[in-house]
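Working notes, structure below.
Each chain gets a letter, A, B and so on, in the order the sequences are listed, and its residues count up from 1.
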Amino acid sequence: MPEGHTIHRLARDLRRDLVDTELEASSPQGRFASGAKSLDGQVLTATEAAGKHLFLHAGPNLTLYIHLGLIGKFRRFEASTNRGDAVRLRFEREDFAWSLTGPHTCRLIEPPEVEEIIARLGPDPLRRRSSPDQFIDKAAKSNKAIGALLLDQNVIAGIGNVYRSELLFLAGIHPATPAKNLDGGVVRKIWDTTVELLRLGVRLDRIVTVTRADANGTKPGRLGPDNRLYAYKRTGEPCRRCDTPIATAPIAGRSIWWCPRCQPAR
DNA sequence: GCTGCATGATGAA
DNA sequence: TCATCCTGCAGCA
């Protein structure tokens, strides 16, 4: 589930649940035993998300750095449903627990590394002061397909495989279009849409891109599991706007989906 | 029960 | 570009 919206939502939920409290940390599965031991008893001071990277600050020089990767999850369980198994890190409370499974990265780092990680990311549409300028500049100079560029975290941080298909659908751009062929205004518009969609994703805690108009008046939050997206994984199904079958092909090593009519090749 | 895939990133080739 | 890592679960026998 992890694109940028997931991580920012986690930062928010973990902040509400755990900031200013003493952590009760353990590593049931054992792979983070020493880290959990270091965190145990520390007070969580702040949480922070940058792109798909999550930072839990426990004091001025101790930060837990988590990247969920493709299959990682960080979930909140009621105490009664709290299960062990593959849990890399658990924060236990009286009534609930946060359980981290399958993360790509989970380790303790110090402030300089936090800065390095954030510095090498492209602008994150969900961070307050981020500006699209760098993204627009890089796009203007890139020979890469826009479908590939949107996945490059050094160019724009937080977009994943679902959002890249959906953003290009909404922009009416064929995913194989070289980024530098796109007008700056078009790229800026992609950014604006990304801000909008990621924010909605944080609020709903799920990816929804279909607009009200295309959902026949149904509120996006009420859309069923099969009508929240325009293109992603809809191979052969009719486009929600023009009924043309959705196409797919690999770009940057992963499948992308588009509507051949709404997003014609140029 | 087993296989393969998944909203990701990396290091080797 | 490809294999690899991490886990869970849909789809299949």
Test side-chain contact (heavy atoms from CB on, under 4.5 Å) on A:Tyr230 and A:Asp214; report intermediate values, then the result. CA-CA 9 Å; A:Tyr230 285 106; A:Asp214 291 318; 2.5 Å; yes
Just jot down the side chain to side chain contact (heavy atoms under 4.5 Å, CB included) partners of A:Thr248, sequence neighbours excluded, or say none. A:Thr235, A:Ser255, A:Trp257
Hey, what are the protein-to-nucleotides 7-12 of chain C N/O distances that come in under 3.5 Å?
from	atom 1	to	atom 2	distance (Å)
C:dT7	OP1	A:Gln29	NE2	2.8

Separation of atom NE2 in A:His104 from atom P in B:dG11, rounded to whole Å: 8 Å
Once the angle between the rings of A:Phe55 and A:Tyr65 is folded into 0 to 90°, is it parallel (under 30°), tilted (30 to 60°) or perpendicular (over 60°)? parallel
Between A:His67 and B:dA9, is there a side-chain N or O to OP1/OP2 distance below 4.0 Å? yes
How close or far is atom P of B:dT7 from atom CG of A:Asn161, stated in whole angstroms? 5 Å
Side-chain N or O of A:Arg254 less than 4.0 angstrom from OP1 or OP2 on B:dA9? no
Reckon A:Lys52 has a side-chain N or O less than 4.0 Å from the OP1 or OP2 of B:dA9? yes
Between NE2 of A:His53 and P of B:dT7 the distance, given in whole Å, is 18 Å
Give me the distance, rounded to whole Å, that separates B:dC5 from C:dA13 when you measure between the P atoms they each carry. 15 Å
Give the C-alpha distance, both sets of side-chain angles, the deciding distance and a yes or no for side-chain contact (heavy atoms from CB on, under 4.5 Å) between A:His5 and A:Arg206. CA-CA 8 Å; A:His5 69 297; A:Arg206 110 186 345 153; 5.8 Å; no
A:Ile251 CD1 to B:dG8 P, straight-line distance once rounded to whole Å: 15 Å
Would you say a side-chain N or O of A:Gln153 is under 4.0 Å from OP1 or OP2 of B:dA9? yes
What do the steps show when you test A:Glu166 against A:Arg228 for salt bridge (Lys or Arg N to Asp or Glu O under 4.0 Å), and what is the final call? CA-CA 10 Å; A:Glu166 299 298 302; A:Arg228 294 183 189 123; over 6 Å; no
Whole angstrom value for the distance that separates C1' of B:dT7 from CG of A:Leu54: 16 Å
Separation of B:dG8 atom C1' from A:Leu121 atom CG, nearest Å, is 13 Å
Aromatic rings A:His53 and A:His67: how do their planes relate, parallel, tilted or perpendicular, breaks at 30° and 60°? perpendicular
When you compare B:dG4 with C:dA3, how far apart are their C1' atoms, in angstrom units rounded to a whole number? 15 Å
Please report the C-alpha distance between A:Arg127 and A:Ile118 in whole Å, then the side-chain angles of each, then the deciding distance to 0.1 Å, and finally whether the side-chain contact (heavy atoms from CB on, under 4.5 Å) criterion is met. CA-CA 11 Å; A:Arg127 277 172 80 99; A:Ile118 295 176; 4.1 Å; yes
Rounded to whole Å, please give me the gap between CH2 in A:Trp257 and P in B:dT7. 6 Å
Give every pair of a protein N or O atom and an N or O atom of nucleotides 1-3 of chain C that lie under 3.5 Å apart, one pair per line with the distance.
none

The Watson-Crick or G-U wobble partner of B:dT7, with both key distances under 3.5 Å, is none
Do the side-chain N or O atoms of A:Tyr232 get closer than 4.0 angstrom to the phosphate oxygens (OP1, OP2) of B:dT7? yes
Within the structure provided, determine whether A:Ile66 and A:His104 are in side-chain contact (heavy-atom separation under 4.5 Å). no
Checking side-chain contact (heavy atoms from CB on, under 4.5 Å) for the pair A:Leu68/A:Leu10: CA distance, chi angles, key distance, verdict? CA-CA 11 Å; A:Leu68 293 180; A:Leu10 275 172; 3.9 Å; yes
Round to the nearest Å and state the distance from A:Leu68 atom CG to B:dA6 atom C1'. 14 Å
With rounding to the closest Å, how many angstrom separate the C1' atoms on C:dG8 and B:dT10? 22 Å
Would you say A:Tyr163 and A:Ile246 are hydrophobically clustered, going by side-chain heavy atoms of ILVMFWY under 4.5 Å? yes
